[in-house]
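Atoms within each ligand, like the ligands themselves, are counted from 1 in listed order. This is a predicted model, so every value here is computed, not measured.
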Amino acid sequence: MENLKALSFELRKDIIDMIYKAKTGHIGGDFSVLDILITLYYKHLNISPETAEDPNRDRFILSKGHSVEALYSVLAKKGFFPKSDLETYSQFKSKYIGHPNNKINGIEMNSGSLGHGLSVCVGMALAAKMNGATYRVYTVMGDGELAEGSVWEGAMAGGHYKLDNLTAIVDRNRLQISGTTEEVMTQDNLDERFQSFGWNVIHANGNNIDALDEAFQIAKATKEKPTVIIADTTKGYGVSFIENSAPWHHKIPSQEEYQKAITELEQRRLAANE
Ligand SMILES: Cc1ncc(C[n+]2csc(CCOP(=O)(O)OP(=O)(O)O)c2C)c(N)n1
Ligand SMILES: [Mg+2]
C-alpha cells in the first residue's frame with residue numbers, strides 16, 4: 001500500500017513547481033485541500049482513467065475550483081493524463097488552465113465561480129436515485145465559498161430529497177481571499193445550519209488521511225440523509241511560512257521562498273517515509 005502521507009508531500013512539491021513556473025495559482029487552498037483529494041481518489045472514489053466515462057462512476061466536483069493545481073497533481077498521479085502535460089499549466093493554448101474544465105480527462109464540470117458545485121451534485125445524486133444507479137456524488141467547497149447563497153439552495157434540496165448518496169466536504173481552513181472567514185462572513189454555526197436542512201454533520205481533521213477515511217466511511221453508511229464533513233484544515237499545510245496566512249491565498253513564491261518550500265516538503269516527505 002502506497003504511503004499516502006509521503007505522497008501528499010510529493011504532490012505538494014509538484015503543485016509548487018506548477019505555480020512557481022507559471023507564476024500563477026492558489027497555493028494556500030491547494031495545500032489545505034490536498035489530503036481530502038488524496039483520500040477521495042485513493043480510498044473512496046470509484047473512478048479511474050479506464051472508467052472515466054462509465055455511467056456508474058462516482059462523481060466528484062471541486063467546487064472551490066481555484067484549487068485546481070491540487071486536483072491536477074492527483075489526477076496526473078492517478079494516470080488520467082501524463083504528468084508532463086502539467087508543464088504547460090496556465091500557458092497560452094494549454095487546456096490546463098487555472099480552473100477546472102471538463103475538456104480534461106477526469107474533470108466532470110467547469111468550476112471556479114464559487115457556489116455552484118453543491119447544486120450540480122444535488123442534481124447528479126437525485127438523477128442516480130431516479131435511475132436506480134448506485135454511484136455516489138462528492139463535492140468539496142471552501143469555507144469562504146459558503147457565503148454564496150446558492151450553496152444553501154443546494155443544501156436545502158439535498159436534505160429535502162434525503163440524498164444519502166451525496167457527501168459534501170467543507171475545507172474549513174478559516175481563511176478566504178481577504179482575511180479570516182469570521183471577519184468576512186461568519187461560518188461558526190455550520191453544524192446548526194446543515195442540520196436544519198436535514199444533513200448529517202461530521203467533523204474530521206482535514207489534513208489527516210486516516211481521519212478523513214473514517215469520516216467518508218461514516219458518510220457512506222449513513223442512510224436517508226446527505227452528509228457534510230467539516231474538514232478542519234490548515235491553509236497552506238506543509239510549508240511553515242505559507243501556513244495560515246491570508247496573502248498566500250494566491251501569492252507566488254520568490255526563488256528563495258520556492259527553494260525553502262521544496263526543502264521543507266522534501267524533509268517532511270522523508271520523515272513520513274520513516
Ligand atoms: C462567485 C465568486 N466570487 C468570488 C470569487 C473570487 N474568489 C476566488 S477564491 C476566493 C476565496 C475563497 O475562499 P475559500 O472558499 O475559503 O477557499 P480556500 O480558503 O479553500 O482557498 C474568492 C472570493 C470567485 N472565484 N467566485
Ligand atoms: Mg477557506
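- Taking each of V33, N173, L114 in turn, the one with a heavy atom nearest to atom 12 (C) of ligand 1 proves to be L114.
- For atom 21 (O) of ligand 1, the closest heavy atom belonging to the protein is H66 NE2, 2.7 Å.
- L175 lies close to the Mg ion (ligand 2), since one of its N, O or S atoms is found at a distance under 2.8 Å.
- Not a single heavy atom of G28 lies less than 4.0 angstrom from ligand 1.
- Atom CZ in F31 sits 9.0 Å away from atom CH2 in W248 (nearest 0.5 Å).
- No more than 12 heavy atoms of other residues, nucleotides or ligands sit less than 6.0 Å from atom NZ of K83.
- Scanning both residues, G65 and P100, for their nearest heavy atoms gives O-CD, 3.1 Å.
- Proximity of a side-chain donor or acceptor of E145 to a complementary backbone N or O of G142 within less than 3.5 Å is detected.
- Close to ligand 1: H249, with a non-hydrogen atom less than 4.0 angstrom away.
- Considering backbone and side-chain atoms together, E145 places an N or O closer than 3.5 Å to an N or O of ligand 1.
- Contact annotation: for Q176 versus ligand 1, heavy atoms closer than 4.0 Å belong to both the backbone and the side chain.
- The nearest non-hydrogen atom to atom 19 (O) of ligand 1, considering only Q187, R172, K235, comes from K235.
- Distances from the Mg ion (ligand 2) show that N173 has an N/O/S atom below 2.8 Å.
- Salt-bridge check for K64 with D171: passed, with a basic side-chain N closer than 4.0 Å to an acidic carboxylate O.
- Between the side chains of N205 and D232, no donor-acceptor pair is found at a separation under 3.5 Å.
- Atoms of ligand 1 found under 4.0 Å from any heavy atom of S113, numbered from 1 in the order shown, are 1 (C), 26 (N).
- Surrounding NZ of K220 are more than 12 heavy atoms belonging to other residues, nucleotides or ligands, all under 6.0 Å away.
- Short contacts between ligand 1 and G29, defined as distances under 4.0 Å to a heavy atom of the residue, involve ligand atoms 21 (O).
- Only the side chain of E148 comes within 4.0 Å of ligand 1, judged by heavy-atom distances.
- Of the protein's heavy atoms, G144 N, 3.5 Å lies nearest to atom 14 (P) of ligand 1.
- The presence of a protein heavy atom under 4.0 Å from atom 6 (C) of ligand 1 is ruled out.
- Applying the 6.0 Å contact sphere to CD of E182 captures more than 12 heavy atoms from other residues, nucleotides or ligands.
- The main-chain N or O of N46 is found under 3.5 Å from a side-chain atom of D58 such that the two form a donor-acceptor pair.
- Shortest distance from the Mg ion (ligand 2) to D143 is reached at OD1 (N/O/S atoms only).
- For the ligand labelled ligand 1, residue G112 lies inside the 4.0 Å heavy-atom shell.
- Nearest non-hydrogen protein atom to atom 23 (C) of ligand 1 is I177 CG2, 3.8 Å.
- Geometrically, ligand 1 and K64 share a nitrogen or oxygen pair separated by less than 3.5 Å.
- No more than 12 heavy atoms of other residues, nucleotides or ligands shown are found within 6.0 angstrom of NZ on K5.
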Tell me, with the steps shown, if D164 and R136 meet salt bridge (Lys or Arg N to Asp or Glu O under 4.0 Å).
-> CA-CA 9 Å; D164 53 15; R136 295 188 57 78; 5.8 Å; no
